[in-house]
Amino acid sequence: NDGCYLSIQAGVNYGCFPCEDMETFDYDAVELYCSDLTDQDKDILSWYKSHSDNSMYLHVPVVLIDSLIEKHGGINTNSIDKVIEEHKNDKGGH
C-alpha cells in the first residue's frame, strides 16, 4: 500500500525451499524481487541477495515476506488486479 512492489516466485526453477513445484502455501522460503525498499529492508534482506541482481533475493523465509508486506501497509488488491489485467493484455488475453 505504500508503493513497494514485490514479485514472489517459487517452484523447481526458482531460489526457494523446497525447490520443487508444490501448492502455493507449502513453501518455507521463496524467491523475491522487490523495488522501493527502505535501507532497513535492504539490510534485513542482504543475507538473501542474489549475486547477479541487486533486486533479487533467494531463499527468503516466508515469515520474513509476511513481515515485509505488513510493514509496507499490506497488500493493495487494486494494484494486483491491475498487474493481472496488464499481463493478460501482454499475452493477448490468455
Side-chain angles (χ1 to χ4, degrees):
N1 272 321
D2 68 356
C4 181
Y5 174 84
L6 304 178
S7 177
I8 301 165
Q9 293 77 227
V12 71
N13 295 317
Y14 299 100
C16 60
F17 182 80
C19 191
E20 57 188 76
D21 292 329
M22 302 172 30
E23 292 297 318
T24 301
F25 297 103
D26 289 342
Y27 291 95
D28 296 322
V30 294
E31 183 176 297
L32 169 70
Y33 168 84
C34 43
S35 66
D36 302 322
L37 293 177
T38 66
D39 287 339
Q40 183 182 18
D41 295 334
K42 291 176 186 177
D43 288 345
I44 292 168
L45 290 169
S46 65
W47 179 261
Y48 307 101
K49 188 173 282 190
S50 166
H51 297 289
S52 61
D53 184 339
N54 287 333
S55 299
M56 184 69 63
Y57 301 87
L58 307 175
H59 306 286
V60 180
V62 170
V63 294
L64 184 56
I65 300 284
D66 291 341
S67 171
L68 190 63
I69 290 170
E70 184 178 322
K71 180 181 172 194
H72 286 274
I75 297 173
N76 182 323
T77 56
N78 291 331
S79 292
I80 291 173
D81 293 341
K82 181 180 175 185
V83 169
I84 290 169
E85 190 61 35
E86 288 171 356
H87 180 72
K88 286 180 185 177
N89 291 336
D90 289 344
K91 299 289 184 185
H94 300 278

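These values consider heavy atoms only, across backbone and side chains, with no hydrogens, waters or symmetry-generated copies.
For N1, the side-chain contact (heavy atoms from CB on, under 4.5 Å) partners are N76, not counting sequence neighbours. Residues meeting the side chain to side chain donor-acceptor pair (under 3.5 Å) test with D28, sequence neighbours left out: none. By the side chain to side chain donor-acceptor pair (under 3.5 Å) test, T38 is found to be paired with D41, K71, residues two or more places apart in sequence or in another chain being considered. Checked against side-chain contact (heavy atoms from CB on, under 4.5 Å), D43 has no partners two or more places apart in sequence or in another chain. By the side chain to side chain donor-acceptor pair (under 3.5 Å) test, Q9 pairs with S7, sequence neighbours left out. Residues satisfying the side-chain contact (heavy atoms from CB on, under 4.5 Å) test with I69, not counting sequence neighbours, are L6, I65, I75. S50 pairs by the side chain to side chain donor-acceptor pair (under 3.5 Å) definition with S52, not counting sequence neighbours. Under the side-chain contact (heavy atoms from CB on, under 4.5 Å) criterion, E70 pairs with no residue, sequence neighbours left out.
Hydrophobic clustering (ILVMFWY, side-chain heavy atoms < 4.5 Å, transitive): F17 and M56 are in distinct clusters. Taking hydrophobic clusters as Ile, Leu, Val, Met, Phe, Trp and Tyr residues chained together by side-chain heavy-atom distances below 4.5 Å, Y14 does not share a cluster with L58.
Residue pairs meeting the salt bridge (Lys or Arg N to Asp or Glu O under 4.0 Å) criterion with at least one member in residues 10-23: none, sequence neighbours excluded. Within the structure, side chain to side chain donor-acceptor pair (under 3.5 Å) contacts touching residues 57-67 (residues at least two apart or in different chains) do not occur.
Within the 4.5 Å cutoff, no side-chain heavy atoms of I8 are placed close to those of V60. Between L32 and L68 there is a side-chain heavy-atom pair separated by less than 4.5 Å.
Here the closest non-hydrogen pair linking L37 and C4 is CD2-SG, 3.8 Å. When all heavy atoms of C16 and A10 are compared, the closest pair comes out as SG-CA, 3.9 Å.
Once rounded to the nearest 0.5 Å, the distance linking OH of Y33 with OG of S55 reads 4.5 Å.
A donor-acceptor distance shorter than 3.5 angstrom exists from the side chain of Y27 to the backbone of M22, with no hydrogens or angles considered.
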